[in-house]
Amino acid sequence: MTTATEKIKILYVDDEQENLVGFKASLRFQYQVFTAVNVLQAIDHLNNHPDIRIVFCDQRMPGQTGVEFFEQIRISHPSPIRILITAYTDVESVIDAINRGNIFRYIKKPWEEADVISAIEEANKFYLANTLLAVKHTELQKAYDELNRFAYSVSHDIRGPIAGILGAINIARDISDLNEMKEMLYLMEKSLQKLDTYVLNMNDYYSLQRGELHLQEIDFTEFFEELESIFGVVANVSKISFRINVNQQEVFRSDKALLKLIFTNLLSNAFKYQDDSKVEKSVVVNAEISRGSATVSVGDSGIGILGSHIGEIFNLFYRATSQSVGSGFGLYNVKTALLKLNGHIEVNSVMNQGTTFKVILPSI
Amino acid sequence: MNLAFIVIDDSELDCFIAKKVIEHNDESTKVTIYKEATLALQAIRSTLATANLFTIILLDLRMPVMNGFQFIEEFEKLPPYVQQQYAIYILSSTKNEIDINRALGYQTVVSALEKPLTKISLGALLYDVRHRHF
């Protein structure tokens with residue numbers, strides 16, 4: 001069962017009306033056929049139906065030859081595959097046109113239905129291969145750009161901590177004071193933790209790029225209890241009040257691993273960027289699930305984000321503050337994960353008062 | 001030769017290493033550490049009158065908020081007699097030649113060192129400073 005929209009779209013241009021009628025009559029069951037008696041009509045069809053895959057054109061037309069027409073649309077509409085219909089007498093111009101890459105092949109006049117169908121099938125294969133190539137090319141370009149950014153960050157984010165540790169080992173030989181040594185070990189540990197975070201995030205990054213969605217029912221109460229047990233330790237040690245409110249009366253479906261990535265990153269930031277000078281420190285999660293969508297806010301009483309930096313915090317390797325050991329990876333991964341789940345995120349931040357991230361997700 | 005040092009780097013460990021290496025070389029050398037370039041800039045601006053000690057600035061390039069390049073650009077806006085009190089040396093872990101060359105392109109940047117700072121690289125730096133300024 002194929003509907004009209006699934007048929008391959010082809011366009012036939014010929015100045016003789018009866019040729020058009022004959023062509024359409026014999027092919028319309030298999031293909032969606034557009035016809036045009038002149039070049040202007042043909043261009044109209046191409047503009048209105050950018051998914052036309054194959055264009056047939058008669059060589060002998062008043063005003064403009066088929067070859068000239070193809071030469072023109074090769075620039076303006078490069079995607080459709082071009083097939084010329086011609087009599088033997090035009091063989092010179094046909095050979096010339098083929099050699100210049102303006103036409104894919106030609107069919108001799110008067111045409112046989114079998115020839116036309118075989119030409120369409122061949123052209124369609126060629127079209128699909130070309131389209132696929134264009135898509136792959138775009139993907140490849142994106143991967144290449146990202147690789148460039150990685151290569152750049154490697155020298156800073158990976159080599160940086162390594163150079164630090166090497167430097168520390170180097171001066172350890174000259175340190176005799178035990179407290180000084182302990183301070184340095186503490187700094188070395190922090191540096192290695194940063195490197196470790198970077199590697200773990202890089203892992204997230206790659207599974208996000210390649211991974212498929214695994215949908216399941218999400219019980220947000222249970223989901224956040226899991227995260228509460230992970231972040232409860234930090235909350236206790238740093239004396240940060242940690243509250244989670246969930247209101248879920250309906251079934252919600254999503255990818256649990258991606259949700260975990262999103263909220264682990266947001267919570268980790270909420271705890272990391274606290275203002276140590278404050279007495280009352282808090283992290284509050286509010287989750288409201290209704291009418292097929294989840295609205296979850298993660299708010300903190302932290303240092304806040306400067307207005308001029310907010311636009312950039314979701315960029316890869318961007319860091320807005322020197323406080324704490326950010327890798328510039330976290331929020332980028334959050335954004336990518338949300339994109340996969342058709343969700344979005346809003347930020348509200350006041351310097352020295354705190355930041356609230358609001359995530360809105362549809363049930364999938 | 002009396003010298004002071006300013007280290008501008010967001011990495012605590014790298015600041016610690018630089019400070020220790022400098023102090024091990026000469027305990028009396030004053031080393032001031034800034035984890036943010038903006039703070040260093042403020043300090044340089046506010047101590048204009050009292051800064052009579054020639055000061056080496058060890059500057060990291062990739063830092064949040066204000067990076068090394070932005071720092072240099074702001075520094076070059078200071079009055080010449082202030083700039084003359086300082087010599088900027090890049091101290092970075094990067095192997096990226098574009099970044100290094102870009103930094104060396106600034107008039108106030110003397111040279112670039114690779115992290116980590118060691119006794120040997122500090123020795124070379126001091127030799128270079130002595131050669132140029134004293």
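Because only heavy atoms are used, hydrogens play no part in the values below, and waters and symmetry mates are left out as well, while side chains stay in. Since the structure is predicted, the reported quantities are computational estimates derived from the model, not experimental observations. Naming convention: chains lettered A, B, ... in sequence-line order (proteins, then strands); numbering from 1 in each chain.
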B:K119 meets the salt bridge (Lys or Arg N to Asp or Glu O under 4.0 Å) criterion, sequence neighbours left out, with A:D174
The ring pair (Phe, Tyr, Trp, His ring centres under 6.0 Å) partners of B:F69 (sequence neighbours excluded) come to none
Applying a strict 4.5 Å limit to non-hydrogen atoms, the region of B:T94 in contact with chain A is both
Does CD belonging to B:E27 count more than 12 external heavy atoms closer than 6.0 Å? no
Do the ring planes of A:F231 and A:F271 sit parallel (below 30°), tilted (30 to 60°) or perpendicular (above 60°)?
parallel
salt_bridge(B:K77, B:E74) N-O dist < 4.0 Å: yes
message = Keeping A:N265 on the side-chain end and A:L261 on the backbone end, is there a donor-acceptor pair under 3.5 Å?
response = yes
Within residues 343-361 of chain A, contacts to chain B at heavy-atom distances under 4.5 Å involve none
Cut-off 4.5 Å, heavy atoms of chain B, and the answer for A:I162 is neither
Do the charged groups of A:K194 and B:E12 touch, with an N to O distance under 4.0 Å? no
Exercise for review: Decide yes or no on side chain to side chain contact (heavy atoms under 4.5 Å, CB included) for B:D14 and B:D60, but give the supporting numbers first.
Suggested key: CA-CA 10 Å; B:D14 292 347; B:D60 187 23; 5.9 Å; no
For B:D99, is there an ion pair with B:R62 - N to carboxylate O distance below 4.0 angstrom? no
State plainly whether the residues A:D255 and A:K340 are in salt-bridge range, i.e. N to O under 4.0 Å. no
Contact list (residues 15-25 of chain B to chain A, heavy-atom gap under 4.5 Å, by number) returns B:F16, B:I17, B:K20, B:V21, B:H24
